[in-house]
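Take a look at the structure set out below.
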Amino acid sequence: LASAIETKQSIAVEMEEARRITEEAVAARSAAEEAAEKSLAAERNAQVEALAAQEGKAITERKCKEVVDQAKNEVAEAVEKQEAAEKAKEEAEEQSNANWKQFEEARAL
């Protein structure tokens, strides 16, 4: 009985950790989505600036390239963050499922 109680307590702790990890993954995904939105806005701004340069307005090709490169880098970073967040979420879900299975097995004892 003591072993079953310890197992249940251990599983409860692990489930709380999985919940915390899931929350962190959701927060990371939100941050990645926000970064992606910002980078898309930066890319749109770069396109507007490129059009302005074509129309003879005050912008240089070098600045345009820097802005576009920065936007591409931000998009790449946002994608990496989102992928990492999704992976963390999947791992947390797998851990939660494993914890739940252990809990069910312990409860069956």
Side-chain angles (χ1 to χ4, degrees):
L1 180 61
S3 176
I5 290 172
E6 286 179 21
T7 300
K8 285 182 180 181
Q9 289 173 341
S10 174
I11 289 169
V13 168
E14 291 180 69
M15 289 179 71
E16 179 61 24
E17 178 67 11
R19 184 197 57 75
R20 185 189 62 74
I21 291 170
T22 300
E23 288 176 356
E24 288 175 1
V26 168
R29 182 177 183 165
S30 294
E33 289 171 351
E34 184 178 324
E37 289 173 6
K38 286 181 181 180
S39 64
L40 290 175
E43 193 167 8
R44 282 192 299 273
N45 289 341
Q47 292 170 352
V48 168
E49 288 179 10
L51 289 174
Q54 290 174 357
E55 296 173 1
K57 301 222 175 176
I59 187 170
T60 65
E61 289 182 9
R62 185 177 98 333
K63 176 64 179 173
C64 215
K65 184 183 181 314
E66 289 173 2
V67 172
V68 169
D69 288 346
Q70 180 181 354
K72 287 179 180 178
N73 289 339
E74 289 175 0
V75 168
E77 288 176 10
V79 167
E80 288 176 7
K81 286 180 181 179
Q82 186 168 0
E83 289 173 353
E86 289 173 2
K87 182 178 179 186
K89 181 181 177 188
E90 289 173 6
E91 290 173 357
E93 288 173 351
E94 290 174 8
Q95 182 64 45
S96 179
N97 289 340
N99 290 344
W100 183 253
K101 183 178 178 184
Q102 286 179 343
F103 175 78
E104 290 292 331
E105 290 171 357
R107 191 169 67 179
L109 294 178

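Everything numeric here is computed off the predicted structure, so don't read it as measured data.
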Subject >> Reported CZ-to-CD distance for the pair Arg19 and Glu24, which is rounded to 0.5 angstrom >> reply: 9.5 Å
Original post:
Under 3.5 Å, is there a donor-acceptor pair linking the side chains of Ser10 and Glu14?
Top reply: yes
Original post:
Between Ala32 and Lys81, which heavy-atom pair has the shortest distance, and what is it?
Top reply: CB-CB, 3.5 Å
Original post:
Mind checking what makes side-chain hydrogen bond (donor to acceptor under 3.5 Å, both in side chains) contact with Glu34, not counting sequence neighbours?
Top reply: Lys38
Original post:
Which distance, rounded to the nearest 0.5 Å, do you find between the CD of Glu94 and the CG of Asn99?
Top reply: 12.0 Å
Original post:
Nearest heavy-atom pair of Ala106 and Ile11: which atoms, and what distance?
Top reply: CB-CD1, 4.2 Å
**OP:** Check the pair Gln95 / Ile21 against side-chain contact (heavy atoms from CB on, under 4.5 Å), numbers first and verdict last.
**Re:** CA-CA 10 Å; Gln95 182 64 45; Ile21 291 170; over 6 Å; no
Original post:
Does Glu105 have any side chain to side chain contact (heavy atoms under 4.5 Å, CB included) partners at least two apart in sequence or in another chain, and if so, which?
Top reply: Lys101
Original post:
What are the two closest heavy atoms between Val67 and Ala46, and how far apart are they?
Top reply: CG1-CB, 3.3 Å
Original post:
Just how far is it from atom CE of Met15 to atom OG1 of Thr22, taken to the nearest 0.5 Å?
Top reply: 10.5 Å
**OP:** Consider only side-chain N and O atoms of Gln70 and Glu74, and report whether a donor and an acceptor are under 3.5 Å apart.
**Re:** yes
**OP:** With rounding to the nearest 0.5 Å, note down the distance linking OG in Ser96 to CD in Glu16.
**Re:** 11.0 Å
Original post:
Would you call Glu23 and Arg20 a salt bridge, using N to O less than 4.0 angstrom?
Top reply: no
Subject >> OG-NZ distance between Ser3 and Lys8, expressed to the nearest 0.5 angstrom >> reply: 11.5 Å
Subject >> Glu90 with Lys87: basic N within carboxylate O range, under 4.0 Å >> reply: no
**OP:** Any ring-ring contact (aromatic ring centres under 6.0 Å, His included) involving residues 78-103? Give me the pairs, sequence neighbours left out, ordered by first then second residue.
**Re:** Trp100-Phe103
